[in-house]
Novice: 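Below is the structure I would like to discuss, written out as structure tokens.
The chains referred to below are lettered A, B, ... by the order of the sequence lines, with proteins before strands, and numbering in each begins at 1. Below, all heavy atoms of this structure are taken into account, side chains as well, without hydrogens, waters or symmetry copies.
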Amino acid sequence: MRASQLLISTLKETPADAEIISHQLMLRAGMIRRLASGLYTWLPFGLRTLRKVERIVREEMDRAGAQEVLMPAVQPGELWQESGRWEQYGPELLRVHDRHNREFCIGPTHEEVITDLIRKEINSYKQLPSNFYQIQTKFRDEIRPRFGVMRSREFIMKDAYSFHVDQTSLAETYQAMYDAYSRIFTRLGLDFRAVMADNGSIGGEGSHEFHVLAASGEDAIVFSTGSDYAANIEKAEAVPHGMDRAAPQEAMHLVDTPDAKTIAALVDQHGLAIEKTIKTLIVEGAEGGLVALLVRGDHELNEIKAENLPEVKAPLTMASDEDVRQAVGAGFGSLGPVGLDMPIIADRSVLLMSDFGAGANIDGKHYFGINWERDLPLAKEADLRNVIEGDPSPDGLGTLSIARGIEVGHIFQLGTKYSNAMNATVLDENGKAVPLMMGCYGIGVTRVVAAAIEQNHDERGIIWPEALAPYSVALVPMNAHKSELVRETAEHLYSQLQAAGIDVLLDDRDIRPGVKFADLELMGIPHRIVIGERGLNNGELEYKGRKDDEATLVPQATIIDFLAERMGR
RNA sequence: CGGAAUAUAGCUCAGCUUGGUAGAGCGCUGCCUUCGGGAGGCAGAGGUCGCAGGUUCGAAUCCUGCUAUUCCGACCA
């Protein structure tokens, strides 16, 4: 490509509405432009990277035995009625009517469509297992689109759905997809981790997320220092440090705490160690009524874990001030488990506490010196909290540390959730109709591009990994208008590189070199060759990698080999 | 949807407190000069100051309502 023929829309200044670096650089490098909230146009330059991601994803999916299909973005509402998600999905599902006033939605995902297809097309266990994927536009009417294409409403996803007669077969394909995803993110040159995840609203059993590690990531992911245990913090099991509860030392006593409405205030004003306090959180119960959840003062409630408890209403809903006051007779700052008349569920570490402090269920008063079994019956035990740095690893090997990640892929074992709801069966070896087992596997293709930039940039701009670079090599002729030699050499090299199958950008723009250098660095082109009369007189070209501090002089005759080596080809 | 902020040229912003009819830098067009790291000069184009009302002789500026965008929370690839 000749730069003079390419829409290069670089910006010197950072647009004011871009918060994170990838969003800023995608705008500045002229990859995307915003149309409306959460809706972006991909400009020619940005689209090239998007296509490179798609190509790698496609190659690896094909290699893993999946078949590509393409399903419509618009889906009939009746399929969603059938699966039950028309009601469940909520306002994130964009619903539309056609001219006959029939209901449709713009697909946020395609379980319904693929299940409908497969129940019609596949009738026998002999046709299984099979796995279908597409790379297609999704729409989710996010409450808060943000960070450019990182969380947009319209985005491109690779989604795959596998079908099986039994769990064993599902587990095999799941593993194959796990491996394919690992290859994909490795080929993309990303620093990523696969972590155990909660299944969320999609339901089913096993699930892993693939995260690109980045400080701006929206998820907290947890690793063991002593094993390969890794999980989303939503899922990571919190294991108490010890097994035994210390014997009571103090008598329980009532303390006036008129100004201590928070744990921090209680600790400050009354000299209680934060590990000796508990938070009492009142939430709505599954069967109506209220449920109390206890975590240690220095721990955080894990809402996913709480919501998965049978006693607790999903989605997790904190009780209102009025409801609490009516049920307990005290307000939020003074709640505690002693004498509390509702189901009480305590985090494991809470049950190991002794001589602790908690609200007395009387406004402005706390009990100190509380002890289980002596002052109140032992509460029901559950894992309720987020793990923290230094907790023991659940597999018993090492301790946990926490990092930030951007979720770029997610694989699920769905089981028979959709096939049951939509009556998708096949005949097994005994001629008996059995519901199809399903797995589903997603990659946020547009998000991968943003995540790659989060991980690969410097103060000058993007630094594309080789596999994602829109162009691998940029040629910059110096003073081309003055030098026939420079022009000819540049043209010749341009043809040579094209013939070698290298994506090359010839910067033939009629602008000053400094502007070209700045643009090419902003745009992240990995390899740059400057063609100047000075060097040519010595038979040399000047090479500079995007990450290099200094340029290298390379004999003209060896430039193709030199580049090939630098590109790792 | 709850909380906060912002809205003036393609981009980044000033002007608003104290009302008098539109500004800068970058970008864009033409010409000249320059040409190894976002050059310089000259001449230009470009804005019903987010929208709708109100106050006033007069509103970008004051008031009211709306809309959009961004940030913080809950959802997700």
Novice: Base, sugar-phosphate, or nothing for Val408(A), non-hydrogen atoms under 4.0 angstrom?
Specialist: sugar-phosphate
Novice: Return the pairing partner of U6(B) with a 3.5 Å limit on both distances, Watson-Crick or G-U wobble; otherwise return none.
Specialist: A68(B)
Novice: Separation of Asp519(A) atom CG from G27(B) atom C1', in whole Å?
Specialist: 12 Å
Novice: Using atom P of each nucleotide, how far apart are U12(B) and U8(B) to the nearest Å?
Specialist: 9 Å
Novice: On a whole-Å scale, what distance lies between the P atoms belonging to C49(B) and U33(B)?
Specialist: 41 Å
Novice: Can you tell me, in whole Å, how much space there is between the P of G30(B) and that of A77(B)?
Specialist: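 My reading of the P atoms in G30(B) and A77(B) gives 50 Å.
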Novice: Regarding Gly409(A), tell me which of base, sugar-phosphate or nothing describes its non-hydrogen contacts under 4.0 Å with the strands shown.
Specialist: sugar-phosphate
Novice: When the distance from CG of Leu94(A) to C1' of C76(B) is rounded to whole Å, what number comes out?
Specialist: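 Value for this atom pair: 16 Å.
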Novice: Could you tell me how the ring of Phe185(A) sits relative to the ring of Tyr181(A): parallel (under 30°), tilted (30 to 60°) or perpendicular (over 60°)?
Specialist: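 If you compare the ring of Phe185(A) with that of Tyr181(A), the planes turn out perpendicular.
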Novice: Both Phe155(A) and Arg34(A) contact RNA chain B. Which one's nearest nucleotide lies toward the 5' end?
Specialist: Arg34(A)
Novice: Ser152(A) near the nucleic acid: base, sugar-phosphate alone, or nothing, with a heavy-atom cut-off under 4.0 Å?
Specialist: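 Base contact.
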Novice: Looking only at side chains, do Arg85(A) and Tyr418(A) share a donor and an acceptor under 3.5 Å apart?
Specialist: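 Yes.
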Novice: Pick from Ile453(A), Asn456(A), Val449(A), Leu188(A): which one makes a side chain to side chain contact (heavy atoms under 4.5 Å, CB included) with Leu468(A)?
Specialist: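 Answer to the side chain to side chain contact (heavy atoms under 4.5 Å, CB included) test with Leu468(A) among Ile453(A), Asn456(A), Val449(A), Leu188(A): Leu188(A).
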Novice: Which nucleotide in the set G38(B), G36(B), A74(B) lies at the smallest distance from any side-chain heavy atom of Ile143(A)?
Specialist: A74(B)
Novice: What about Arg151(A), does its side chain sit under 3.5 Å from the base of C76(B) through a donor-acceptor pair?
Specialist: yes
Novice: Tell me whether the NZ or CZ atom of Arg528(A) lies within the 45° cone about the ring axis of Phe517(A) and under 6.0 Å from its centre.
Specialist: yes
Novice: Strictly below 4.0 Å: does Arg144(A) bring a side-chain N or O up to OP1 or OP2 of G2(B)?
Specialist: no
Novice: Taking the six-membered ring for Trp, does Phe517(A) stack with G38(B) (centroid gap under 5.5 Å, planes within less than 30°)?
Specialist: no
Novice: So which protein N/O to nucleotides 29-34 of chain B N/O distances come out below 3.5 Å?
Specialist:
unit_1: U34(B); atom_1: O2; unit_2: Arg512(A); atom_2: NH1; d: 2.8

Novice: Using the P atoms only, state how far U17(B) lies from U61(B), rounded to an integer number of Å.
Specialist: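 After rounding to an integer number of Å, I get 10 Å for this pair.
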Novice: Could you tell me which nucleotide pairs with A77(B) by Watson-Crick or G-U wobble geometry, both distances under 3.5 Å, or answer none if nothing does?
Specialist: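 Per the H-bond distance test, none.
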Novice: Output one letter per nucleotide in nucleotides 4-15 of chain B: B when a protein non-hydrogen atom lies under 4.0 Å from the base, S when only the sugar-phosphate is that close, - when neither is.
Specialist: -------BSS--
Novice: Indicate whether the side chain of Asp159(A) and that of Gln134(A) have a donor and an acceptor atom separated by less than 3.5 Å.
Specialist: yes
Novice: When the nearest nucleotide of RNA chain B is assigned to Ile304(A) and to Ala36(A) on a heavy-atom basis, which residue is associated with the more 5' position?
Specialist: Ala36(A)
Novice: Using a 4.0 Å heavy-atom cut-off across all strands, classify Val530(A) as base, sugar-phosphate, or nothing.
Specialist: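 Here Val530(A) touches the bases of the nucleic acid.
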Novice: Measure from the side chain of Arg534(A), starting at C-beta and using heavy atoms only, and say which of G38(B), G36(B), A77(B) lies closest.
Specialist: G36(B)
Novice: Would you indicate what Asp219(A) reaches in the nucleic acid, counting non-hydrogen atoms under 4.0 angstrom: base, sugar-phosphate, or nothing?
Specialist: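 Asp219(A): base contact, heavy atoms under 4.0 Å.
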Novice: Give one of base, sugar-phosphate or nothing for Met157(A), where a contact means two heavy atoms less than 4.0 Å apart.
Specialist: sugar-phosphate
Novice: Could you state the CG-C1' distance from Leu541(A) to G36(B), rounded to the nearest angstrom?
Specialist: 15 Å
Novice: Taking any strand in view, what nucleotide pairs with U29(B) in a Watson-Crick or G-U wobble way, both distances under 3.5 Å?
Specialist: A43(B)
Novice: Any luck finding a side-chain donor-acceptor pair between Asp179(A) and Gln175(A) under 3.5 Å?
Specialist: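 Side chains of Asp179(A) and Gln175(A): pair found under 3.5 Å.
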Novice: Given the structure, check if the side chain of Asn479(A) and the base of G36(B) hold any donor-acceptor pair shorter than 3.5 Å.
Specialist: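 Checked by distance alone, the answer is no.
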Novice: Mind calculating the distance between CD (Glu407(A)) and P (A77(B)) to the nearest angstrom?
Specialist: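 Result: 5 Å.
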Novice: Go through the side-chain N and O atoms of Glu209(A) and Asn232(A) and say whether any donor and acceptor fall under 3.5 Å apart.
Specialist: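 There is such a pair (donor and acceptor under 3.5 Å, judged by atom type) between the side chains of Glu209(A) and Asn232(A).
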Novice: Between G36(B) and C32(B), how far apart are the C1' atoms? Round to whole Å, please.
Specialist: 23 Å
Novice: Calculate the interatomic distance between Asp507(A) atom CG and G38(B) atom P; express it in whole Å.
Specialist: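 Asp507(A) atom CG is separated from G38(B) atom P by 15 Å.
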Novice: What integer number of Å spans the P atoms of A9(B) and A5(B)?
Specialist: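 It comes out at 23 Å once rounded to the nearest Å.
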Novice: Are any non-hydrogen side-chain atoms of Phe45(A) and Ser9(A) less than 4.5 angstrom apart?
Specialist: no
Novice: Given G36(B), G38(B), C71(B), which nucleotide is nearest the side-chain atoms of Phe147(A)?
Specialist: C71(B)
Novice: Check every strand shown and say whether Arg460(A) touches a base, only sugar-phosphate, or nothing at a heavy-atom separation below 4.0 Å.
Specialist: base
Novice: Surrounding CD of Glu300(A) (heavy atoms of other residues, nucleotides or ligands, distance under 6.0 Å), is the total greater than 12?
Specialist: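 Not more than 12 within 6.0 Å, no.
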Novice: Can you tell me whether the side chain of Arg528(A) and the base of G36(B) have a donor-acceptor pair closer than 3.5 Å?
Specialist: no
Novice: Tell me whether Asp510(A) at atom CG has more than 12 heavy atoms from other residues, nucleotides or ligands lying less than 6.0 Å away.
Specialist: no
Novice: Taking only the C1' atom of each, what is the distance from G47(B) to A14(B) in whole angstrom?
Specialist: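 Nearest-Å result for G47(B) against A14(B) at atom C1': 15 Å.
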Novice: Mark yes or no: Arg51(A) above the aromatic ring of Trp42(A), with NZ or CZ under 6.0 Å from the six-membered ring centre and no more than 45 degrees from the axis.
Specialist: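 Because its charged atom misses either the 6.0 Å distance or the 45° angle limit, Arg51(A) does not stack over Trp42(A).
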Novice: Measure from CD on Glu142(A) to P on G73(B) and round the result to the nearest Å.
Specialist: 14 Å
Novice: Any base atoms under 4.0 Å from Glu19(A), or only sugar-phosphate, or nothing? Heavy atoms, all strands.
Specialist: sugar-phosphate
Novice: Once you apply the 3.5 Å cut-off to both distances, tell me the Watson-Crick or G-U wobble partner of A24(B), or none.
Specialist: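 Here A24(B) is engaged in a pair, and the nucleotide opposite it is U12(B).
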Novice: What about Arg146(A), does its side chain sit under 3.5 Å from the base of C72(B) through a donor-acceptor pair?
Specialist: no
Novice: Looking just at side-chain N and O atoms, do Asn131(A) and Thr173(A) make a donor-acceptor pair shorter than 3.5 Å?
Specialist: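 Absent: no donor and acceptor within the cut-off.
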Novice: Are side-chain N/O atoms of His110(A) and Lys138(A) paired as donor and acceptor at under 3.5 Å?
Specialist: yes
Novice: Considering only the C1' atoms, how many Å lie between U6(B) and A43(B), rounded to the nearest integer?
Specialist: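 Approximately 36 Å lies between the C1' atom of U6(B) and that of A43(B).
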Novice: Can you tell me the distance, in whole Å, between the CD atom of Gln24(A) and the P atom of C71(B)?
Specialist: 11 Å
Novice: Between Asn538(A) (CG) and G36(B) (P), how many Å, whole number?
Specialist: 18 Å
